[in-house]
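Heads up: the structure comes next, in structure tokens.
All figures in this text were calculated on a predicted structure; none of them were measured in a lab. Quick note on labels: first sequence line is chain A, next is B, and so on, each numbered from 1.
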Amino acid sequence: MHFFEDLTQIEFVDVIEFLGTIAFAISGIRLASAKQFDWFGALVVGFVTAVGGGTVRDLLLDVPPFWMQSSRYILCTAFAFVIVLFFRKYLVHLNNTIFWFDCIGLGLFVVVGYEKALALDYHVWVCVAMATVTGIVGGMIRDILINEIPIVFTQELYAIACILGGVLFSILYYLNVDLVVIEISTAIFVVIIRVLATRYHLKLPTLKGED
Amino acid sequence: MHFFEDLTQIEFVDVIEFLGTIAFAISGIRLASAKQFDWFGALVVGFVTAVGGGTVRDLLLDVPPFWMQSSRYILCTAFAFVIVLFFRKYLVHLNNTIFWFDCIGLGLFVVVGYEKALALDYHVWVCVAMATVTGIVGGMIRDILINEIPIVFTQELYAIACILGGVLFSILYYLNVDLVVIEISTAIFVVIIRVLATRYHLKLPTLKGED
Amino acid sequence: MHFFEDLTQIEFVDVIEFLGTIAFAISGIRLASAKQFDWFGALVVGFVTAVGGGTVRDLLLDVPPFWMQSSRYILCTAFAFVIVLFFRKYLVHLNNTIFWFDCIGLGLFVVVGYEKALALDYHVWVCVAMATVTGIVGGMIRDILINEIPIVFTQELYAIACILGGVLFSILYYLNVDLVVIEISTAIFVVIIRVLATRYHLKLPTLKGED
């Protein structure tokens, strides 16, 4: 019978993952709160926002869901919940900081998602798809749970940042660039697109439907 | 080529599972009917309410979905459908009975979910999570299909009953209590919390969102 | 590292699959456009409509998701997107043609879904369920993503066509009919039911809910 695992062996990439997970969870908890969800509901929506993308990716790749191997993701979500509970009034002043955590987390999620598919020897386009699934599906499930249209389908270049990050990874990998360089370049590239898209309100066009 | 399996070997725990499955299916069928779903829609929503939680659990644990191993779950759903179809007018007088079946079913689902994760040697908190997933995800998918916010996020201590049941299971298991005693204690404990929460309208607080 | 696979070895059944995939994707892209989704959102909804049913089937059967083995499904979705983008005004005149592609695609999806479960030696009713899941779940996810009640639960005999197709397959298989004859008969049978149901607005009754 196991309890929580050893949390003393933390590396730099883990810190980035913590920040990203917390930022994603905070976005879910805030949106759930705005819909009058109770504490449990807010926690679940926060958790699903943070781990939903990676879970769907792992189910599609038929590997064990990553968050079931380590309690760190549920602890990060609990921490995010405490932040929202006690520092609600000040969060609005922290929006900029949380946005940066969210961007950096997205960059990491894209790299992790790509590499998981690559390790299983999938086609390039499947790797790009898994990078994108890792980045956006958590937010999609969040929006379904709060009964809204997924924001990723209508606003800003969130998904495009994931796709372009995956494309950059593919090109650099094809050119035999060192893996660490690829990882850092891809993550930074995702962050840059995301920041520019948000600052300049860049959006994809919409398709006009028939009547 | 197989047809339906032998249903003559039924034990006590099977009877409880039948009652729980029927109670869960009835809740799905009634809510679907209220939204003008047709017969097929009502059957699907009833079936998903009954087996959705266990299915997501089995996908996460990477074991074959339980309802694909036995036709009893689809037969229970068909039976629930016949009940709603013919005894609709009298169901309101049976609400109390159905509520009890629902509670007992939930107690069983929590035990089954916990033990499936335990058998695969997962962390304690994963076992508690799988117990909770088994108990609540069917109702969550039901509410998504009828395009409502999942009721488990806003009302009564439904999910908390699952979590506390899982915690009790963990404590008793750690103390090396006999497994049958653990199973019965956990199921009864879940039923008690659920009944008390419903009788006294106990609810978790909500997080107040920013504007 | 793989790029796109060889697309030169195309057989007759592949052409039918292309047409079905394109028709399913077009339905998703048009509905997403009507909800002001951007290009990415429309592409994702189109893709999910086309491959969602088969993906859920493959997850339940624990086999690798079919669309991750071949780029043809994402290319068909891209092609459907281009059609909607450039020929939007004329699509309304093509509704009849698209409807036929949709019906033929559905017939094929039912056969493929049934056979995938049969190959894994599942019960007859699981085979019928997997045929139906393959046919309808893509449209269900599409409707959840655009935040509507799944149309398959309220309109026309879409799901019944899948179920009856599965039943016919089971009967013919039990009678040891040649497999190619079964496949063609089942597909044509599904198309006929779907066409008749649409032409004569055949619907299942609804269950009347209590107040």
- Task: Identify which of B:Asn147, B:Val152, B:Ile144 forms the greatest number of heavy-atom pairs closer than 4.5 Å to chain A.
- Result: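 Of B:Asn147, B:Val152, B:Ile144, B:Asn147 has the most heavy-atom pairs under 4.5 Å with chain A.
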
- Task: Please determine, among B:Leu60, B:Val126, B:Thr154, the option with the most heavy-atom pairs under 4.5 Å with chain A.
- Result: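 Of the candidates given, the most pairs with chain A belong to B:Leu60.
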
- Query: If every non-hydrogen atom of A:Met68 is compared with every non-hydrogen atom of B:Trp125, which pair is closest and at what distance?
  - Reply: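 Heavy atoms only, the tightest pair is CA-CH2, 4.3 Å.
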
- Message: Give me the atom names and distance for the closest heavy-atom approach of A:Leu145 to B:Met140.
- Response: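 Where A:Leu145 meets B:Met140 most closely, the heavy atoms are CD2-CE, 3.8 Å.
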
- Message: Checking A:Gln69 against B:His123 for the side chain to side chain contact (heavy atoms under 4.5 Å, CB included) test, could you report, in this order, the C-alpha distance in whole Å, the side-chain angles of both residues, the deciding distance, and whether it holds?
- Response: CA-CA 8 Å; A:Gln69 318 303 315; B:His123 285 283; over 6 Å; no

- Message: Quick one, B:Leu207 and A:Ile29 - any side-chain contact, counting heavy atoms below 4.5 Å?
- Response: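 Yes. Closest side-chain heavy atoms under 4.5 Å.
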
- Interchain contact, A:Leu85 with chain B, by part (heavy-atom threshold 4.5 Å):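 Interface part for A:Leu85: both.
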
- Query: Between A:Phe40 and B:Ile163, does a side chain to side chain contact (heavy atoms under 4.5 Å, CB included) hold up when you go through it step by step?
  - Reply: CA-CA 10 Å; A:Phe40 170 79; B:Ile163 294 173; 3.7 Å; yes

- Backbone of A:Asp62 reached by a side-chain donor or acceptor of B:Asp62 within 3.5 Å: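 No; judged by distance alone, with no hydrogens or angles, the pair does not exist.
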
- Drop me the distance from A:Asp38's CG to B:Leu157's CG, to the nearest 0.5 angstrom.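 It comes to 8.0 Å.
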
- Residue part contacting chain A, namely of B:Ile141, when any heavy atom lies under 4.5 Å: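 Interface part for B:Ile141: neither.
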
- Message: side chain to side chain contact (heavy atoms under 4.5 Å, CB included) for B:Ile149 and A:Lys35? Distances and angles first, verdict last.
- Response: CA-CA 9 Å; B:Ile149 285 181; A:Lys35 290 265 184 168; 3.8 Å; yes

- Output, in order, the C-alpha distance, side-chain angles, deciding distance and verdict of side chain to side chain contact (heavy atoms under 4.5 Å, CB included) for B:Phe153 and A:Ile146. CA-CA 10 Å; B:Phe153 291 150; A:Ile146 63 172; over 6 Å; no

